[in-house]
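Let me begin by presenting the structure, written as structure tokens, before commenting on it.
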Amino acid sequence: MARIYIEDLQHHVGEEVKISGWIYNKRSSGKVRFIVVRDGTGILQCVMVKGMISEEAFNSFDTLTQESSLAVTGKIKKDDRAPGGYEMELSKIEIIQIAKDYPITPKEHGVDFLMDIRHLWLRSSRQHAILRVRHQIIKAIREFFDNRGFVLMDAPIFTPAACEGTSTLFETDYFDLGKAFLTQSGQLYGEAGAMAHGKVYVFGPTFRAEKSKTRRHLTEFWMVEPEVAFNDLNDNMELAEEFLEHIVASVLKNRSAELKTLERNISFLEKVKKPLPKISYTEAVEILHKKGINFEWGNDFGGTDETVISEGFDRPVIVHRYPAKVKAFYMKRDPKNADLALAMDVLAPEGYGEIIGGSQREDDYDAIVQRIKEHNLPQSAFEWYLDLRRYGSVPHAGFGLGVERTVGWICGLDHVRETIPFPRMIYRLTP
RNA sequence: UCCGCAGUAGCUCAAUGGUGGAGCAUCCGGCUGUUAACCGGAGGGUUACAAGUUCGAGUCUUGUCUGCGGAGCCA
């Protein structure tokens with residue numbers, strides 16, 4: 001008997017097939033018994049009637065518990081009463097292992113309890129749907145850049161110094177070379193890649209030792225960072241909006257069932273099309289003032305400020321040209337106003353906040369040396385980076401997209417901890 | 001790091017300072033189409049920990065621990 005997957009059932013109606021999986025739930029009304037099996041690709045209701053199947057198989061129902069592993073064999077038929085629309089008439093049950101007291105019951109649970117058994121929580125339908133959307137997003141990210149001739153360039157995880165100098169870094173001993181730090185961004189290495197390949201993207205985990213304790217922060221998260229030689233700020237914004245359009249379209253097309261499981265209102269997602277609204281930092285400050293918020297020009301936006309700004313738009317909004325003093329040393333100044341950096345952030349709608357941060361990079365050697373001094377960074381650590389300005393420096397730009405925040409936004413989740421299989425947070429290192 | 005909230009059965013939650021309960025899960029029984037099935041029964045407690053106030057503390061006070069939410073910082 002060939003083993004098939006539940007997601008392929010529609011091709012096997014009327015056939016006798018075998019499904020291997022786990023008990024999701026079971027119900028009985030005496031002589032008619034239902035076993036709901038999940039196999040990782042979907043769920044299937046199996047039915048057996050007393051007298052229509054061996055007495056042994058019929059009675060084995062009593063020993064089955066939630067999440068016990070087994071193989072079921074039977075004929076597939078269409079039945080609207082069954083979840084998913086297909087049902088199996090059981091002819092054989094092969095028990096692999098009986099699970100005892102599975103902790104996640106078909107009722108409500110608290111977050112702490114579920115996070116402690118995250119390795120089991122992954123089996124639950126919502127978590128299952130979220131991780132499939134995450135996979136689709138990552139697939140779409142790679143597709144987008146690969147189809148445009150970008151070269152994937154992996155950046156190191158161990159780094160000798162801070163990329164931006166602002167955030168706290170995780171530190172570790174590195175043999176006789178002193179301290180190494182876990183990367184907080186692959187960008188500087190991406191810039192080196194862009195000078196070699198023209199257009200590259202760095203995709204990997206990044207680490208921030210900030211003691212942030214909010215629904216938008218993890219200590220370990222994934223970031224994708226394209227970097228393109230000869231792009232300016234406008235090119236960068238255009239790349240970002242086409243990128244977001246592609247990701248959202250890919251999820252809507254391929255993961256609509258998962259979005260439905262998550263009860264995601266997709267009307268906001270359907271509006272994510274180029275062009276996205278673009279406003280300057282100064283215009284964003286005016287929006288805050290009009291809404292009666294006391295905000296001083298020159299400061300960086302907080303989480304609630306971002307929410308208020310994005311509330312006025314029905315799709316992601318790009319905010320550009322921030323005050324240089326709140327941004328990183330490597331961002332190029334606006335030639336029209338030296339107080340501004342050629343920076344851009346993309347704020348997701350519905351209060352999800354910043355999902356992209358990027359800029360045109362400073363390409364002038366003297367200017368960037370000056371910035372390194374102003375930021376009190378050790379120039380010696382950046383000598384290799386300064387070489388990129390010594391040898392054939394060109395205008396270039398790039399951005400970073402936070403995968404978890406993007407997954408959270410597209411899935412409509414209220415916390416990024418559910419967007420990654422095993423989240424790392426300030427007070428959680430296990431499982 | 002700071003501010004706020006919480007911790008009671010395996011889980012989710014009740015309990016006016018006066019004998020700690022319910023639903024789910026588990027176990028036993030019933031039901032020929034169930035949909036987080038339903039119905040009947042049983043077992044299950046150092047009320048996070050420590051001290052204090054009181055005739056009496058799950059409840060009030062202090063401290064500790066853990067978690068949640070927020071701020072700052074950021075993707």
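So you know, we letter chains A, B, ... as the sequences are listed, proteins then strands, and number each from 1.
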*Hey, can you tell me if A/Phe243 and A/Phe145 have their rings parallel, tilted or perpendicular (30° and 60° cut-offs)?*
tilted

*Would A/Phe221 count as stacked on B/rA75 if the rule is ring centres under 5.5 Å and plane angle under 30°?*
yes

*Nearest-0.5 Å distance that lies between atom CD in A/Glu241 and atom CG in A/Asn236*: 11.0 Å

*Pairing residues for A/Ser29 by the side chain to side chain contact (heavy atoms under 4.5 Å, CB included) criterion, not counting sequence neighbours*: A/Val32

_Pairing residues for A/Arg216 by the side chain to side chain contact (heavy atoms under 4.5 Å, CB included) criterion, not counting sequence neighbours_ = A/Thr214, A/Arg405

*Tell me which of A/Arg33 and A/Lys211 sits closer to the 5' end of RNA chain B, going by the nucleotide each one is nearest to.*
A/Lys211

_C1'-based separation of B/rC13 from B/rU8 [nearest Å]_ = 9 Å

_Please verify the inter-ring angle class for A/Phe203 with A/Tyr201; under 30° counts as parallel, over 60° as perpendicular, anything in between as tilted._
tilted

*Could you work out the separation of B/rG29 and B/rG58 based on their C1' atoms and round it to a whole Å?*
35 Å

*Base of B/rC73 paired with side chain of A/Ser212 (donor-acceptor, under 3.5 Å)*: yes

Protein N or O to nucleotides 40-48 of chain B N or O, pairs below 3.5 Å:
none

Please write out each protein N/O paired with an N/O of nucleotides 9-14 of chain B under 3.5 Å, distance rounded to 0.1 Å.
from	atom 1	to	atom 2	distance (Å)
B/rC11	O2'	A/Glu108	O	3.2
B/rC11	O2'	A/His109	ND1	2.4
B/rU12	OP1	A/Gly110	N	2.9
B/rU12	O4'	A/Glu108	O	3.2

*Name the nucleic acid region contacted by A/Gln45, choosing base, sugar-phosphate or nothing; use a 4.0 angstrom heavy-atom cut-off, strictly under.*
base

*Sugar-phosphate only, base, or nothing, as touched by A/Arg428 at under 4.0 Å among non-hydrogen atoms*: nothing

*Is there a donor-acceptor contact under 3.5 Å linking the side chains of A/Glu16 and A/Thr73?*
no

*Has the side chain of A/Arg405 got a donor or acceptor that lies under 3.5 Å from a partner of the other kind on the base of B/rC74?*
yes

*Using the C1' atom on both, measure B/rU34 against B/rU16 and round to a whole Å.*
44 Å

*May I ask you to decide if the ring planes of A/Tyr281 and A/Tyr322 are parallel, tilted or perpendicular, using 30° and 60° as cut-offs?*
tilted

*Do we get A/Lys213 above A/Tyr427's six-membered ring, with its NZ or CZ under 6.0 Å from the centre and within 45° of the axis?*
no

Filtered N/O pairs between nucleotides 2-6 of chain B and protein, under 3.5 Å:
none

*Quick one: A/Phe34 CZ to B/rC31 P, roughly how many Å, whole number?*
16 Å

*On a whole-Å scale, what distance lies between the P atoms belonging to B/rA57 and B/rU66?*
28 Å

*asked:* I want to check something: taking the side chain as every heavy atom from C-beta on, are A/Leu182 and A/Thr159 in contact at a cut-off of under 4.5 Å?
replied: no

*Closest non-hydrogen atom pair, A/Leu70 against A/Ile95*: CB-CA, 4.0 Å

*asked:* Whether A/Arg428 and A/Asp116 form a salt bridge (side-chain N of Lys/Arg under 4.0 Å from carboxylate O of Asp/Glu) is what I want to check.
replied: yes

*Pairing of RNA chain B as dot-bracket, 5' to 3': ( ) intra-strand, [ ] crossing, | other strand, . unpaired, with Watson-Crick or G-U pairs under 3.5 Å?*
(((((((..((((....[..)))).(((((.......))))).....(((((..]....))))))))))))....

